[in-house]
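Notes for the one structure printed next.
One-based numbering along the sequence shown. One-based numbering, in listed order, for ligands and for the atoms of each.
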Amino acid sequence: MWPTTLTKSSLEELQARIQGAVVLPDDANYDETRKAWNLAVEQRPAMIVVAESASDVAEAVRFARQEELSIAVQSTGHGVVRPADDALLIITSNLNRVRIDPEARTAWIEAGVKWGQVLEKAQEFGLAPLLGSSPGVGAVGYTLGGGMGWLARKYGLSTDSVRCFEVVTADGRMLRVSDTENSDLFWGMRGGGGSLAIVIGMEVQLYPVTTVYGGNLIYPADMAKEVITFYRDWIADAPEELTSSFAIMNLPPIPDIPEFLRGKSVVMIRGCYIGPVETGETLIQKWLDWKAPIANLFHAMPFTEVGTISNDPKGPVSGISSGAWVRELTDEAIDLMVQYAVSRNGSSPLVSTEVRHAGGAIARVDRNANAYGNRDARHIMQMIAMLPTPEARSSIEQYIARFKNELQPYLTGGVYMNFLEGKESRERVKDGYLEENFRRLTEIKTQYDPDNFLSHSFNIRPR
Ligand SMILES: Cc1cc2nc3c(=O)[nH]c(=O)nc-3n(C[C@H](O)[C@H](O)[C@H](O)COP(=O)(O)OP(=O)(O)OC[C@H]3O[C@@H](n4cnc5c(N)ncnc54)[C@H](O)[C@@H]3O)c2cc1C
């Protein structure tokens, strides 16, 4: 069976033109192929193309236009903005080559590559990419939205480190996009998400990082207020070599969690220091001299182990993510965070409320250098809840909305697009950008995708 509007002959023609697979709703592998990493995403594409090459992507785009299907792109499904219902879904995960140029200190990364692959290959040359907390996240999707990881305060956002993209446009053309070629598109794709063109590959700058001093300090949740207050003072004059966060966690009672933390609420200080190890030790000693934690997991580690700092789930999970930029960690804001984020007898559905320290190299880039917005904001908060059943969504979303509503006086009003998903991401897209940059994004969208075929990523609409 094939989607009713599509003819058997047109599908056969497409299959004959591409190396990859066409997967239709009646195929045995349809359910497995349409899955996203985030199991909360339920999507039923009209058809799926599992691309094996740039040319497959271009053919799929031309076919979608001919059949008037919207086009969705998925590498891992960590950040689905609008499910691919009734769309032609292009899966890029088989475009998975990475090439390191140790002389130029760059990496060429294909669209389906996860950060862990780049990390491993770059480290062979003593180099590091600007990956985020989880090596399992797709490098391209993460970078298109900004990309803030454990090197962010020193080396900035991943999007600021892109040298060029190779793309397929919404009308099926293959273009090279850089500061000198199609520079308007290059400007917009750095921060503007995947709604302007489909990335086939990108070249990014790498940095000389091998050993870092990183980990977690764990304190009981009933110390959350004093820990966060101490954190605020600790980061006031923190060097840019330190990127850090605090996270209030309500840990589930599952065997994956060490026994002493199972089912407990805690507050964690997370960090990654990339200067001399002894200086990192001195920074953490301030905490140990202040109050003894339940556990001090900071240690010198090869950068290949950076994923252990946040220890994000590797396998697929069913989750909801939301977030906001916080203007200042005032006493009142801290009180509200503790009130909503610490679960007392199940009072909070949140598994994690993390506030990361931004600034540094992120804020030094000119506000109009590319589309990415909210460079001046200092603290990005992300709330994560697990979604046990689809029916639980509405009450969890209401809880998060109440939390953010009360925090409003301490928020900047901006959002970080990478930390939003689904409906909220679509409704709040303007808050991800400076007003003039959003206008420019709209112009670029109008030029490159006037019919809005690429409508499943950030909600930037043509004029
Ligand atoms: C466990 C976890 C940890 C995270 N940690 C961080 C972090 O530390 N810092 C941070 O900034 N963000 C982080 N994120 C957010 C993450 O960066 C976004 O969810 C990102 O969009 C994921 O990209 P993906 O390619 O893996 O996911 P996908 O869902 O496959 O793609 C995400 C978006 O990018 C678009 N896209 C993907 N590939 C292409 C392409 N080739 N061309 C055009 N558009 C494309 C998709 O259409 C979609 O809109 C994290 C998310 C999770 C779930």
Side-chain angles (χ1 to χ4, degrees), residues 35-41 43 51 54 57 61 70-84 87 89-93 95-96 109-116 130-152 156-159 165-170 177 185 188-189 191-202 243 245 270 272 306-307 309-321 323 351-352 354 356 358 362 372 380 382 384 416-422 425-426 429 449 454-460:
K35 255 191 202 157
W37 181 89
N38 186 349
L39 299 173
V41 174
Q43 53 186 3
V57 174
V61 168
S70 66
I71 301 162
V73 183
Q74 183 171 303
S75 137
T76 68
H78 275 76
V80 176
V81 172
R82 178 180 162 218
L89 172 62
I90 300 174
I91 304 271
T92 60
S93 53
L95 305 178
N96 56 9
I109 301 171
E110 285 191 345
V113 170
K114 296 176 190 169
W115 271 127
L130 300 183
L131 78 164
S133 58
S134 166
V137 164
V140 166
Y142 163 97
T143 300
L144 291 172
M148 190 185 307
W150 288 118
L151 304 180
L157 299 168
S158 177
T159 218
F165 292 108
E166 247 170 48
V167 308
V168 169
T169 57
V177 175
L185 195 49
M189 288 175 68
S195 64
L196 302 177
I198 302 173
V199 175
I200 300 301
M202 63 178 184
T243 299
S245 71
R270 291 180 174 156
C272 178
V306 66
I309 298 177
S310 297
N311 229 347
D312 289 333
K314 292 185 183 67
V317 296
S318 180
I320 293 180
S321 167
V351 177
S352 160
E354 182 171 22
R356 303 187 189 192
I362 301 170
Y372 181 83
I380 180 65
Q382 184 184 25
I384 295 172
Y416 177 40
M417 292 305 291
N418 269 3
F419 286 169
L420 301 189
E421 36 107 29
S425 165
R426 301 190 64 71
V429 65
D449 185 19
L454 302 174
S455 59
H456 292 262
S457 186
F458 297 176
N459 188 18
I460 298 158

Side chain, backbone, both or neither: the part of [X] lying under 4.0 Å from ligand 1 by heavy atom:
X: F458; result: neither
X: A72; result: neither
X: M189; result: neither

Identify which of [options] has a heavy atom lying nearest to [atom].
atom: atom 46 (C) of ligand 1; options: I71, T76, I90, V73; value: V73
atom: atom 28 (P) of ligand 1; options: P316, S310, A197, G77; value: G77
atom: atom 31 (O) of ligand 1; options: A152, G79, A36, S425; value: G79
atom: atom 45 (C) of ligand 1; options: L144, T159, L157; value: L144

Atoms in ligand 1 with a heavy atom of [X] nearer than 4.0 Å:
X: G194; value: 43 (C), 44 (N)
X: I198; value: 42 (N), 43 (C)
X: S75; value: 25 (O), 30 (O)

> So is M148 polar-close to ligand 1, meaning N/O to N/O under 3.5 Å?
Replying inline: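 For ligand 1, there is an N or O atom that lies under 3.5 Å from one belonging to M148.
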> Non-hydrogen atoms of G193 versus ligand 1: any pair closer than 4.0 Å?
Replying inline: no
> Does any donor atom in the side chain of Q382 or S321 lie under 3.5 Å from an acceptor atom in the other side chain?
Replying inline: yes
>> Just by distance, no angles: are the side chains of S457 and S195 close enough, under 3.5 Å, to form a donor-acceptor pair?
In response: no
> Side chains of W150 and R270: closer than 4.5 Å at any heavy-atom pair?
Replying inline: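 They are in contact (side-chain heavy atoms under 4.5 Å apart), so the answer is yes.
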> Between L130 and W115, what is the shortest heavy-atom contact and its length?
Replying inline: O-CZ2, 4.1 Å
> Which pair of non-hydrogen atoms, one from M148 and one from R356, has the smallest distance, and what is that distance?
Replying inline: O-NH1, 3.0 Å
> Tell me, which protein residue and heavy-atom name are nearest atom 16 (C) of ligand 1, and how many Å apart are they?
Replying inline: V137 CG1, 4.1 Å
>> Would you call the rings of H78 and W37 parallel, tilted or perpendicular, taking 30° and 60° as the class edges?
In response: parallel
>> Could you walk me through whether Q43 and K35 satisfy the side-chain contact (heavy atoms from CB on, under 4.5 Å) test, starting with their C-alpha distance in whole Å, then the side-chain angles of each, then the deciding distance to 0.1 Å, before giving a yes or no?
In response: CA-CA 8 Å; Q43 53 186 3; K35 255 191 202 157; over 6 Å; no
